[in-house]
Amino acid sequence: MLIIFKAEHTEDEVEKVRERVLAAGCEAHIVRGLYRVTINVLGDDSKLDPEEFKSYNGVVDVIAVMNPYQLVSRDFHKDDTEIRVKDVVFGPGHFVIMAGPCAVESEEQTLRIARAVRKAGANVLRGGAYKPRSSPYNFQGMGDEGLKILKRASVETGMPIITEALDSRSLEQVYKYADIIQIGTRNMQNFSLLKEVGKLDKPVLLKRGMSATIDEWLMAAEYVMAGGNTKILLCERGIRSFDSRHTRNVVDLSAVPVVKALSHLPVVIDPSHGTGRRDSVSPMSLASVAVGASAVLIDVHDDAQRALCDGAQAITPVDFEQIVSGIRKVASALDKKIEAPR
Ligand code: PEP
Ligand code: MN
């Protein structure tokens, strides 16, 4: 950390900052330049908050040299993390396809779509039982009944389940049924929920907040990991931008190499929520493989016009089959494995 003093500061002000740095067990290297005096903090400054120093008299700016997150960072863990969910592997050399309806609407609908995506080559079944809707008047999901339906679809097709927990109560239920617990974009900074999933032993897919910076997203993952849960999948699901007429969100593919350079955790792309447009799901899915993601999460519905949630971005099982075949081609060109359906 570098603490920079105003041109007009007093020696007493510099001394106060120096004492605080020493009290934290770090060294304070005072550099007196031609125009500025700075204190270079040496040693483990992870417990020092740059914001604290900004409140000291005489200080004009503080530059954090290290990233604010540690456990999720490559500084802490050099190699890519591999996460196993039954026989599905998220990590280097693998590419996982998660697909299913946005929402569980009925047992019949979920089983039909689960069978279709399994046949087409999906490895993991997605489906929301608890739905975070922008309007309280929209379908809120089937709740616990939806989880039981997902379980039946999972037992029949052999696919592990990913489903979202909205709060502590739904987390308790989701934990019983899910193989991967999804934390949605709206909950990315629900720190008390992050602490709760941090105590669990099941993998967590942490969606990026729709207006979150990469650092905020990684700090959210740090919350989960600080609790002891190291099985985190980071999911880019589109960020807000200025052209909402043509795209619901902008899927930030460029975040993937950036996040992979900063963190050892696998990155997943959700091209469905990421764009909000059915015609963009295929190109963004193929791009996800090329850009270095470990998996995609895709909304599939066989009657999108009647879907109770996000029909505009849902693709048909037939289109999904095409996407899987395209993903296989890109993956094989890049030597990435795709788990074959049983
Ligand atoms: C979802 O995947 O069903 C969902 C609600 O996603 P998001 O949190 O990205 O909006
Ligand atoms: Mn949705």
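Counting convention: from 1, in listed order, for ligands and their atoms alike.
With hydrogens and angles disregarded, a donor-acceptor distance shorter than 3.5 Å links the side chain of R133 to the backbone of F139. Side chain of R112 to main chain of H301: no donor-acceptor pair is present (N/O by atom type, distance under 3.5 Å, no hydrogens or angles). Within the 3.5 Å criterion, the main-chain N or O of Q189 finds no donor-acceptor partner in the side chain of E216.
Coordination check, C309 versus the Mn ion (ligand 2): failed, since every N/O/S atom of the residue sits at 2.8 Å or beyond.
Below 4.0 Å from some heavy atom of R126 lie the following atoms of ligand 1, by number and element: 1 (C), 2 (O), 3 (O). Remark: ligand 1 atoms within the under-4.0 Å shell around heavy atoms of G184 are 8 (O). When each atom of ligand 1 is checked for a heavy atom of K207 under 4.0 Å away, the hits are 1 (C), 2 (O), 4 (C), 6 (O), 7 (P), 8 (O), 9 (O). Listed by number with element, the atoms of ligand 1 under 4.0 Å from a non-hydrogen atom of R237 are 7 (P), 9 (O), 10 (O). If you number the atoms of ligand 1 from 1 as listed, the ones under 4.0 Å from a heavy atom of K131 come out as 1 (C), 3 (O), 5 (C).
In terms of protein heavy-atom proximity, atom 8 (O) of ligand 1 is nearest to T185 N, 2.9 Å. Ranking protein heavy atoms by distance to atom 4 (C) of ligand 1, first place goes to H273 NE2, 3.5 Å. Scanning the protein heavy atoms around atom 5 (C) of ligand 1, the nearest turns out to be E164 OE1, 3.7 Å.
Linking Ile, Leu, Val, Met, Phe, Trp and Tyr residues whenever their side-chain heavy atoms come within less than 4.5 Å places F191 and I232 in a single cluster.
Taking 4.5 Å as the limit, some side-chain heavy atom of M98 sits within range of a side-chain heavy atom of L205. A 4.5 Å side-chain heavy-atom check between R20 and L48 finds at least one atom pair inside the cut-off.
Judged purely by distance below 3.5 Å, without hydrogens or angles, the side chains of E13 and N57 never pair a donor atom with an acceptor atom. Side-chain contact check for S241 and D243: no donor-acceptor pair (N or O, by modelled atom type) lies under 3.5 Å.
In this structure, OD2 of D310 and SG of C102 enclose an angle of 120° at the Mn ion (ligand 2), rounded to 10°.
The closest approach between any non-hydrogen atom of M210 and ligand 1 is not below 4.0 Å.
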